[in-house]
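Working notes for the structure below.
Letters A, B, ... are given to chains in the order of the sequence lines, protein chains preceding strands, and every chain is numbered from 1.
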Amino acid sequence: MSPDDEFGDLKAIIESLIFASPDPVTLKVLVKTLDGEPPEHIEEALAMLGQEWNDRPGGLQLVEVAGGYQIVTKPELHEWVRRLFHEHSKQRLSVQALETLAVVAYRQPVTGPEIAEIRGVNTSGVLGTLVERRLVKVVGRKAVIGRPFLYATTREFLDRFGLKDLADLPKVEDMAEALGMEVPAALTEGYPTDAILPFEPDPDPETPPAEPPEKVH
Amino acid sequence: MSPDDEFGDLKAIIESLIFASPDPVTLKVLVKTLDGEPPEHIEEALAMLGQEWNDRPGGLQLVEVAGGYQIVTKPELHEWVRRLFHEHSKQRLSVQALETLAVVAYRQPVTGPEIAEIRGVNTSGVLGTLVERRLVKVVGRKAVIGRPFLYATTREFLDRFGLKDLADLPKVEDMAEALGMEVPAALTEGYPTDAILPFEPDPDPETPPAEPPEKVH
Amino acid sequence: MADDDNRAAAAGGELESHAHFESILPEYPFKVGDFEGPLDLLIHLIKKNEVDIYDIPIVLITKQYLEYLDLMKELNLDVAGEFLVMAATLIHIKSRTLVPRLETESGDDEDDEDPRDLLMRRLLEHQRFKAAAELLHERETVRSAQWARPDGRVEEIAGEPFERELEVDLFSLLQAFQAVLSRARERPPVRLPEEVVPIETRIEELRERLATVEACGFEELFADVSSRRELITTFLAVLEMIRLKMIRVFQQGTCGPLRIYARMRPTDAPRPLNDPDQGDASPAETSGEDEDKG
């Protein structure tokens, strides 16, 4: 093996180590990992690698930071990276949204204050997102004081989850059985027996609104 | 600015996005993040970038996986990287899990009873494990008696097995000689091409609901 | 191939970390309890006897299959139901192969088929998926040798906390609902403070309702409220509406039911208390003015 080839291999190994490491990789760590390789070879390979990265156009750079080496995006591209993550968080259905969707699905038609009471937190913003995504819609107003909106799931929701109708929504026992899991005893009760509730003001007064309705005075 | 320079910038931006993204970056995400850039430019820049990375020596490579692009270390350097980080976080899958996963992958969407029929054993426990590990997801219920759940593989599955998409699933004919038996043509046809249901806000009419037509054998 | 390897593969639980993927062509000696299911056992018997899967010697295979089940029983091993079902299938196939067909039956298409065909197809398919699993495992091995930029650096790069996107399915939906329910159960049963609906809001609601009907009973105004606070709010709203000359109240007889009518507000009607234009109106000034007796 010619010395050049050898350095080629060494550079490749060092590069992969720097890339895969969560923290900047120090010379010391490299020497220890590449046990048997003369430290001056490693230093030389590192210098060559630094030069190559320096000459390389593109979006990444090799930097020396905190006594070690790390591959990072070029600072002038940070705005784009920020946009990527912004786009990501816009797209993502957060745990919050999923929980809210689940409550709407299993308790529909249901009002914002009722959802907030079950979840223990205010959910109005998340509900808006779900309505925007056409997974949830307003189906009327509940005939209680404040006349809060009643929410239910949409046709789109059924399609997304591969359900024919709301009666298809699985009960926890169904899924536990299909997947060979234990059903937590506490969770077998309290499911809606008749999942399909027509749009109809619920005369049941037992759940008082827990949160101011949309209307503000 | 010359067209070349423009692509240079675009390539640099795309490269930084691919590096920064926690998951493989899809063309769709790139188009959204680079709002205003013609998609065909992005595709062209991507192709150029792929070529450049391919030609580049060193420890890293650009791969196409799970519908997107990702920068990873070269597999032949695995031992070195492992030496530095010791553990590999991924838990191995058992033979049963792998075989069940294979049935789901090639037959999706498929029900539990159908999987049991093919494998000759009840597989609900294994299925539960696969669902919990997010390699398999529940995509709906089949319109037959008992309304069994329908299963399909996830993006995580593609990622774990380094597959670009479902069409990238290994073809079983390749294995026929190893088996020492011919595989009847009827058994090797009918791979699903893309049954992935990403959860995204914009309703995607091209993504079919999970309900399949009745399968005939 | 080492026996230990075979044992690990055959016994492997779903997450057994030491279990590694076995070749689908094991040459291991017959080991009781090694087979995950009847199809695995049949494949083993076919290979052991070096017979053609397309022309299974059903008598021989059935005999050996049943012997295996007997052995399992002798060793007090649990014989899973699937093994018994397959035994019945094999016996059925054997009987159909041995019994010469009657003339009358030969017209039936189904009877022209070799009874072993269905079994053969199942075995081939089973093998196909075992092969697929092995191919997948190879891909997995290559993939697991590729290291991505560590997740730990994402927040540093993103400059914000990062939450990985969920691939939402029915399972995660149900899981989310379970999480909500169990949290709700653990929460101390504290009621969030009851909402205070302003009188103005209640007036607006009552006015909307009266606009749709000519008149309604006094009690009907309270039909949609239950709590004491809401009752009081509604009562105060009615009083205020009378003062503002928005409604008229009639009573039939001294103890008869009250009826409420919406009315056009006269121009000289008092203004609401919080009306910015209002200067002179006070509750005392107009009280009782509109209460006509019927």
Side-chain angles (χ1 to χ4, degrees), chain A residues 8 11-22 25 29-30 32-35 49 52 56-60 71-74 76-78 80-81 83-88 90-93 129 132-135 156 158-164 167-168 170 174-181, chain B residues 8 11-22 25 29-30 32-35 49 52 56-60 71-74 76-78 80-81 83-85 109 111-112 122-129 131-132 138-141 143 147-150 197 199-203 209-211:
Chain A
K11 280 188 299 181
I13 294 168
I14 293 173
E15 189 175 72
S16 68
L17 292 176
I18 293 174
F19 177 82
S21 171
V25 178
V29 165
L30 287 176
K32 203 175 153 201
T33 309
L34 299 164
D35 188 28
L49 201 61
E52 280 171 28
R56 179 182 183 276
L60 309 177
I71 296 169
V72 295
T73 54
K74 287 188 178 161
E76 63 266 31
L77 301 175
H78 281 182
W80 293 102
V81 173
R83 274 176 81 156
L84 174 78
F85 283 97
H86 181 69
E87 201 58 51
H88 174 94
K90 259 196 340 202
Q91 304 261 322
R92 199 190 57 236
L93 194 73
T129 312
E132 250 171 55
R133 294 196 180 188
R134 292 195 267 163
L135 293 167
E156 177 96 16
L158 293 176
D159 287 348
R160 221 24 107 73
F161 286 88
L163 302 171
K164 199 180 62 169
D168 246 8
D174 297 347
M175 198 158 287
E177 196 200 331
L179 298 177
M181 294 167 178
Chain B
K11 279 188 300 183
I13 295 168
I14 293 173
E15 189 175 75
S16 71
L17 295 178
I18 292 174
F19 172 82
S21 173
V25 180
V29 165
L30 287 176
K32 262 194 187 135
T33 308
L34 298 164
D35 188 27
L49 202 61
E52 282 172 25
R56 179 182 183 278
L60 308 177
I71 298 170
V72 293
T73 60
K74 288 185 178 163
E76 60 266 30
L77 303 174
H78 175 53
W80 293 102
V81 182
R83 205 187 262 204
L84 181 56
F85 302 113
T111 67
N122 181 311
T123 40
S124 56
V126 183
L127 260 178
T129 309
V131 168
E132 272 179 344
V138 183
V139 291
R141 307 184 87 161
R147 313 277 307 151
F149 293 111
L150 282 163
L197 267 173
F199 198 88
E200 274 169 8
D202 45 337
E211 204 88 289

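For the pair Glu15(A) (side chain) and Gly59(B) (backbone), a donor-acceptor distance under 3.5 Å is present.
Considering all non-hydrogen atoms of both residues, Phe19(B) and Val72(A) come closest at CE2-CA, 4.1 Å. Across every non-hydrogen atom of Ala178(A) and Ser124(B), the tightest pair is O-CB, 3.0 Å. Considering all non-hydrogen atoms of both residues, Ala20(A) and Thr73(B) come closest at CB-CG2, 4.3 Å. Looking at every heavy atom in both residues, Gly58(B) comes nearest to Ala12(A) through C-CB, 3.5 Å. The shortest non-hydrogen separation linking Val81(B) to Leu17(A) is CA-CD2, 3.7 Å. Of all non-hydrogen atoms in Arg141(B) and Asp174(A), the two that sit nearest each other are NH2-OD2, 3.7 Å.
Looking at Asn122(B), neither its backbone nor its side chain comes within 4.5 Å of chain A, counting heavy atoms on both sides. Both the backbone and the side chain of Ile71(B) come within contact range of chain A, each with at least one heavy atom under 4.5 Å from a heavy atom of that chain. Within the 4.5 angstrom heavy-atom criterion, no atom of Thr129(A) approaches chain B. Using a 4.5 Å cut-off between heavy atoms, Leu30(B) makes no contact with chain A at all.
The line from CE of Met181(A) to CD of Glu132(B) is 3.5 Å long, rounded to the nearest 0.5 Å. Of the inter-residue distances, the one linking Glu76(A) atom CD with Ser16(B) atom OG reads 9.0 Å to the nearest 0.5 angstrom.
When the candidates Leu49(B), Asp35(B), Leu127(B), Leu77(B) are compared by the number of heavy-atom contacts under 4.5 Å with chain A, Leu77(B) comes out ahead. With respect to chain B, the highest number of heavy-atom pairs below 4.5 Å among Arg56(A), Lys74(A), Lys32(A) belongs to Arg56(A).
Counting heavy atoms from C-beta on, the side chains of Val131(B) and Met175(A) never come closer than 4.5 Å.
Put simply, the residue from Ile18(B), Leu34(B), Val29(B) that forms a side-chain contact (heavy atoms from CB on, under 4.5 Å) with Leu84(A) is Val29(B).
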Item to check | Trp80(A)/Ile14(B) under side chain to side chain contact (heavy atoms under 4.5 Å, CB included): CA gap, chis, key distance, verdict | outcome: CA-CA 9 Å; Trp80(A) 293 102; Ile14(B) 293 173; over 6 Å; no
